[in-house]
Protein chains: 2
Amino acid sequence: MAKAKKEALDLSTEEKIKEAASIVFTKKGYGNARTRDIAEEAGINLALLNYYFRSKEKLFQIIMAERIDKLFGVLGPILNDGSTTLDEKLEKITESYINMLLEHPDLPIFVLSEIRNNPEQLSNRFQARRNLTESVFIKQLIERRSDINPFHFLMNLLGMNLFPFVAKPVLQPIVGNEEAYRQLMEQRKKLVPVWMKLMLDHT
Amino acid sequence: MAKAKKEALDLSTEEKIKEAASIVFTKKGYGNARTRDIAEEAGINLALLNYYFRSKEKLFQIIMAERIDKLFGVLGPILNDGSTTLDEKLEKITESYINMLLEHPDLPIFVLSEIRNNPEQLSNRFQARRNLTESVFIKQLIERRSDINPFHFLMNLLGMNLFPFVAKPVLQPIVGNEEAYRQLMEQRKKLVPVWMKLMLDHT
DNA sequence: AAAATATTTAATCAAATGATTAAATATTTT
DNA sequence: AAAATATTTAATCATTTGATTAAATATTTT
């Protein structure tokens, strides 16, 4: 067997294809992406893509799982951190999301639109509800304000953090140039937690 | 000429195709939609689609323009109403959006993802900035709080109203069933303006 | 009713596109 | 080095899919 070499190159080539697939799928979506686009982006022959991943669909599933994890994986550890206060969690979530989305601005719109196309892709739909409702975050929230519906609170938090990126293609031309947009997002790292705390404190 | 009959049937058939196209495009997006899907949905022959609209692309442009107008057209009149206060505008925008989105929940994700695919589709990009910055709404906002960046304020308002629908495929399974989700959205009609006013009043 | 025009259909085309194959090249193992 | 295995490529296939065509049917005008 050509194992040592195989693994070195395998990783390199396979990773190259996955990287390219990630770029092309995220930019165009499944339906608008061509396997030839991906092959070209990866600098490899089209047949290689099928050699490594069997089909466009299989490759997509792998990328999609990674992207979903990238988008929502941030939340879990922060929501369940027993060592931080609720206020600190708001700050951490906001900072994590905005930092991540500044690097991957087209991630939310990709994931959300593909899930719309194929809702089954969300594997652990039921588990997600449990994980959330039993999280430290929700416990702290209820402890502090038993009258605030956690779902509303979470929608507001995610809406303020994710929406500017979901709507970037519309908002950015209105706001101005790319740099102006980036600066707004930087400001929101401080501002969003302030606004969320207003909701927590308001009588 | 067969004018009278033509117009009666034309409208009916042409409208039937547009209606079907709107449904299929909105549900699947341009790339995943097949002209055959649309023809079937409309209950007509595939050739008819090209007879009436020349091409998939042309038909899409028409639908897309309508959908963009549906999504953002609500805003203009409310933002520029000189007879309402800022608070009333917040209430009107929220109520209009939530009512409209309860009927067309997949509209935002469709429009935003298609604009991502083809940003040029936003025709009046520069005009939009002027319209907004010179609106009564922004004037009232600056009058009330010169220290609040209108772009941040607008992002929050739109984020809280639109995001729950953009993320519905993810959030709804977590929240529970369809009806539970609808009730949450009904509640937000009252709640979002309250939260927005908190931001306006906070010292 | 006849002619002109508009609408609709079945059949077909041509290009795009996902996938495969068979052969060539490179790498590893013996 | 030889054999075995893994990787890569060019060429090709089969299906999907947007679009067209020519003929049939319906409608309107004369």
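Naming: A, B, ... by sequence-line order, numbering from 1 per chain.
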Could I get the full list of salt bridge (charged side-chain N to carboxylate O under 4.0 Å, His left out) partners for [X], not counting sequence neighbours?
X: E186(B); answer: R182(B), K189(B)
X: E91(B); answer: K197(B)
X: D87(B); answer: R144(B)

- Item | Secondary structure string for DNA chain C (Watson-Crick or G-U under 3.5 angstrom, | for other-strand pairs) | ||||||||||||||||||||||||||||||
- Message: Counting primed atoms plus P, OP1 and OP2 as sugar-phosphate and everything else as base, spell out the protein contacts along nucleotides 11-25 of chain D at 4.0 Å heavy-atom distance: B, S or - for each nucleotide, 5' to 3'.
- Response: ------BBBBB----
- Query: Do F60(B) and Y30(B) have ring centres separated by under 6.0 Å?
  - Reply: yes
- Message: Contact between L158(A) and F163(A) at the side-chain level, heavy atoms closer than 4.5 Å - yes or no?
- Response: no
- Query: Could you state the CD-C1' distance from E40(A) to dA16(C), rounded to the nearest angstrom?
  - Reply: 15 Å
- Rounding to a whole Å, what distance do you find between L48(A):CG and dT7(D):P? 10 Å
- In terms of heavy-atom contacts, A39(B) and L49(B) come closest through N-CD1, 4.4 Å
- Message: Can you pull out every side chain to side chain donor-acceptor pair (under 3.5 Å) where at least one residue sits in residues 147-172 of chain A? Sequence neighbours excluded, please.
- Response: T94(A)-N161(A), R145(A)-D147(A), H152(A)-Q187(B), H152(A)-R188(B), N156(A)-R188(B), K168(A)-E178(A), Q172(A)-E178(A)
- Are a donor atom and an acceptor atom from the side chains of K89(A) and T84(A) found within less than 3.5 Å of each other? yes
- For dT8(D), does OP1 or OP2 lie under 4.0 Å from any side-chain N or O of T13(A)? yes
